[in-house]
Amino acid sequence: MPLVTTTQMFKKAYAGGYAVGAFNVNNMEIIQGITEAAAEEKAPLILQVSAGARKYAKHVYLMKLVEAAIADTGLDFAIHLDHGDSFEICKSCIDGGFTSVMIDGSKHSFRDNITLTKQVVEYAHSKSVVVEGELGKLAGIEDDVNVSDADAQFTNPSEVEEFVIKTGVDSLAIAIGTSHGAYKFKPGQKPQLRFDILEEITRRLPGFPIVLHGASSVIPEFVEAINKYGGSMPDAIGIPEEMLRQAAKSAVCKINIDSDLRLAMTASIRQYMMEHPDHFDPRQYLTPARDAIKAMVKRKISNVLGCAGKA
Ligand code: G3H
Ligand code: 13P
Ligand code: ZN
């Protein structure tokens, strides 16, 4: 099965000054929308699965859907565990055919994060699976765990060499001001990323692929549409596309996007339901929702990632 690891993808992305999009998947329509966009743009692609997604859809369904998408589009993808928080979940995904896993030990002390990450790397590498680690703590919500702004912590550049050498990780997720979910900055606050920290990390880890989580732009048209068609989202501010473009040209080789997928899908379904209050066939509202995801992913590929034609 032509699933690919991210090792080659990241080498090319680093040298080419672009990033690969890592999109979270939970069901068939999301997988189809994303993979059709990548295939039409000839873009490299990472599909990632959270613990919550595995619980919702089951590992085997997601794996089979990804296999179907490869057969349908003719493109090779990587399939990645997002935010694995234990050796056991990483092992289960490695044994279950994933090409890479993230072990997110960021809630632990530096020492414990190293111990856990190293354990995962040893097992993963013995099966030719690659590993993403994390240093620093992002704010926001993931899998119902809410990290407050006060508990968030930028990555400390002086720790990165020791972490990478002692664990053997293949890529490193860092915290430079992005956060999970739709509410990244407060109304009136100016979005900012610590590019100085990214530069210092790059200086200390030359050629090493960096990962940016929490990188949705929270595209304003979607929030407006949700509110226009019966929703009531408070002001939601994400990472400006311009900043992500800048990051994609640097050592950042993987950019994680989930919230923009959720917003695109929800805005489309809300609009459909308001405009067709008598319809009840799920195919009728899931078709435009899938198209909205596809259009959004194409926008990311051209406006943010710069990876069109690089597959
Ligand atoms: O970073 C987390 C992703 O958005 C996945 O979210 O854990 O609710 O599936 P989830
Ligand atoms: P967003 O919530 O900004 O889309 O981040 C997703 C993410 O980091 C998944 O790991
Ligand atoms: Zn994340």
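Note that ligands are numbered from 1 as they come in the structure, with each ligand's atoms numbered from 1 the same way.
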So is His180 polar-close to ligand 1, meaning N/O to N/O under 3.5 Å? yes

Enumerated ligand 2 atoms positioned under 4.0 Å from heavy atoms of Ile257: 4 (O)

Hey, is Met102 one of the residues with a heavy atom under 4.0 angstrom from ligand 2? no

Under 6.0 Å between ring centres: does that hold for Phe98 and His59? yes

Considering the heavy atoms of Ser50, write down every atom of ligand 1 situated less than 4.0 Å from one of them. 5 (C), 7 (O), 9 (O), 10 (P)

Where's the contact between Leu138 and ligand 2, heavy-atom distance under 4.0 Å: side chain, backbone, both or neither? neither

Hey, can you tell me if His83 and His180 have their rings parallel, tilted or perpendicular (30° and 60° cut-offs)? perpendicular

Looking only at N/O atoms, are Ser216 and ligand 2 under 3.5 Å apart anywhere? yes

Hey, quick one: are Phe208 and Tyr14 part of the same hydrophobic cluster, counting side-chain heavy atoms closer than 4.5 Å, chains of contacts allowed? no

Of all N/O/S atoms in His213, the name of the one nearest the Zn ion (ligand 3): ND1

Output yes when the distance from some N or O of ligand 2 to some N or O of Lys184 is under 3.5 Å, and no in every other case. yes

Donor-acceptor pair between Asp170 and His125 side chains, under 3.5 angstrom: yes

Near-ring test His279/Tyr272, centroid separation under 6.0 angstrom: yes

Contact atoms of ligand 1, heavy-atom distance to Asp258 under 4.0 Å: 3 (C), 4 (O), 5 (C), 6 (O)

Using a strict 4.0 Å cut-off to heavy atoms of Arg262, name the atoms of ligand 1 that fall inside it. 4 (O), 5 (C), 6 (O), 8 (O), 9 (O), 10 (P)

Less than 4.0 Å between a side-chain N and a carboxylate O, is that true for Arg111 and Glu162? yes

Assess whether a salt bridge exists between Arg290 and Glu36, defined as any Lys/Arg side-chain N lying under 4.0 Å from an Asp/Glu carboxylate O. no

For ligand 1, which is the ligand I care about here, please tell me if Asn24 has any N or O atom under 3.5 Å from one of the ligand's N or O atoms. no

Have a look at Ser217, Gly214, Ser259 and point out the one with the heavy atom closest to atom 5 (O) of ligand 2. Gly214

Under 4.0 Å, heavy-atom basis, I'd like to know which part of Lys55 is in contact with ligand 1: side chain, backbone, both or neither. neither

Going only through I, L, V, M, F, W and Y residues with side-chain contacts under 4.5 Å, is there a path from Met102 to Phe87? no

Looking at Arg204 and Glu200, is any side-chain nitrogen of the basic one under 4.0 Å from a carboxylate oxygen of the acidic one? yes

Residue part near ligand 2, for Ala182, under 4.0 Å between non-hydrogen atoms: neither

